[in-house]
Protein chains: 2
Amino acid sequence: MSSQKMLTRNQFLVLDVLKEGEKPLSAYDILDRLRGEGLRAPLQIYRALSALIGRGHAHRLESLNAFVACAGKECHKSGLAAFAICEACGQANEFSDFVLRQRLEGWAEREGFRTSHSVVEMHGTCGACVIRS
Amino acid sequence: MSSQKMLTRNQFLVLDVLKEGEKPLSAYDILDRLRGEGLRAPLQIYRALSALIGRGHAHRLESLNAFVACAGKECHKSGLAAFAICEACGQANEFSDFVLRQRLEGWAEREGFRTSHSVVEMHGTCGACVIRS
DNA sequence: TTCTGTTATGTTATTTTATAACGGACTCAA
DNA sequence: TTGAGTCCGTTATAAAATAACATAACAGAA
Ligand SMILES: [Zn+2]
Ligand SMILES: [Zn+2]
Ligand SMILES: [Zn+2]
Ligand SMILES: [Zn+2]
């Protein structure tokens with residue numbers, strides 16, 4: 001089962017930056033970190049991001065206008081990636097929760113709503129930062 | 001108990017436009033509809049929106065960069081407003097779900113995460129548009 | 001009253017985020 | 001070898017949000 005299509009050079013570079021980054025990065029942040037590799041235009045980044053997100057290698061955080069590498073084990077299986085975003089340290093913690101997904105799908109089914117994608121993003125202060133404060 | 005502080009003129013105008021609008025509106029959409037009332041700058045809209053959101057009169061849809069008047073009965077009581085956004089007709093349906101909120105708070109509690117605000121936005125096709133297609 | 005802190009306002013300029021529109025290079029199969 | 005598909009790179013532009021600055025309006029304290 002090698003339906004894993006190869007990543008292009010730009011896609012690989014962008015994904016690598018996301019994996020290195022400890023925090024969500026904006027497209028322009030990513031661009032700045034890849035100027036050394038010859039990338040110059042925002043569109044190069046956005047195109048790579050679209051492809052990566054389409055294949056499940058990365059996620060877009062809607063409430064931050066930023067992007068992260070996928071860190072979930074089951075986010076494809078469960079079909080829903082949720083995030084807890086710390087406003088103090090900036091880190092985003094990806095998790096997935098079957099009940100959560102079930103609950104949303106239940107609502108959708110009752111209402112005849114056909115879901116294509118769900119956004120779940122909690123904002124607040126992470127455990128480490130709570131202690132530190 | 002008249003702790004209901006008065007809305008300012010700009011806040012009232014913006015909220016009124018949101019209530020009239022059948023769909024989520026961007027700040028610039030709102031501005032365009034209020035030029036007749038003498039509003040000229042985006043900041044006037046953003047300031048009014050911030051105040052309205054702070055008081056629970058309106059919500060921001062993170063995945064659309066757009067705003068809606070609050071249509072929920074219990075979204076303050078339940079502390080969580082969720083939205084189902086139709087990509088066909090553009091309408092956003094606000095709902096609230098206690099189990100959903102409970103589930104998110106449960107995760108947060110286990111992880112020591114202190115939540116300040118949660119974003120739940122489903123994208124897809126609403127019942128009416130599914131039938132129509 | 002006058003002073004003073006707070007809140008709301010208005011305006012201009014700028015930053016940040018995202019896309020449109022164009023053309024070239026390459027692969028693969030018909 | 002031609003045509004479809006995909007990726008690439010560039011320039012220009014649109015869309016969303018904020019910075020910086022200056023003024024007005026007002027309530028409470030002195
Ligand atoms: Zn994931
Ligand atoms: Zn933190
Ligand atoms: Zn509401
Ligand atoms: Zn619809």
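Naming convention: chains lettered A, B, ... in sequence-line order (proteins, then strands); numbering from 1 in each chain.
- The CG atom of B:Leu49 sits 12 Å away from the C1' atom of D:dA16 (whole-angstrom rounding).
- For the pair A:Thr8 and D:dC8, the criterion of a side-chain N or O lying under 4.0 Å from OP1 or OP2 is met.
- Using cut-offs of 30° and 60° on the angle between ring planes, the pair A:Phe95 and B:Trp107 is parallel.
- The stretch residues 29-44 of chain A touches DNA chain D through A:Arg40, A:Ala41, A:Leu43, A:Gln44, each having a heavy atom within less than 4.0 Å of the strand.
- The CD1-C1' distance, from B:Ile45 to C:dT11, rounds to 14 Å in whole Å.
- Note: CG (A:Asn10) to C1' (C:dA25) measures 14 Å, nearest angstrom.
- The side chain of B:Tyr28 lies closest to D:dA17, out of C:dT17, D:dA17, C:dA8.
- The nearest whole Å value for the distance from the CG atom in B:Leu13 to the C1' atom in C:dA8 is 14 Å.
- Whole-Å rounding puts the B:Met6 CE to C:dT7 C1' distance at 16 Å.
- Rounded to an integer number of Å, the gap from B:Leu52 CG to C:dA8 P is 11 Å.
- Contact check of residues 58-65 of chain B against DNA chain D (heavy atom, cut-off under 4.0 Å) returns B:Arg60, B:Asn65.
- The distance from atom OH of B:Tyr46 to atom P of C:dA13 is 19 Å, rounded to the nearest whole Å.
- The separation between A:Arg47 atom CZ and C:dA20 atom C1' is 11 Å, rounded to whole Å.
- The stretch residues 37-54 of chain B participates, sequence neighbours left out, in no side chain to side chain donor-acceptor pair (under 3.5 Å) pair at all.
- One finds no side-chain N or O of B:Ser26 lying less than 4.0 angstrom from the OP1 or OP2 phosphate oxygen of D:dA15.
- At a threshold of 4.5 Å between non-hydrogen side-chain atoms, the residues A:Phe67 and A:Leu25 do not count as touching.
- A donor atom on one side chain and an acceptor atom on the other are found under 3.5 Å apart for A:Ser63 and A:His123.
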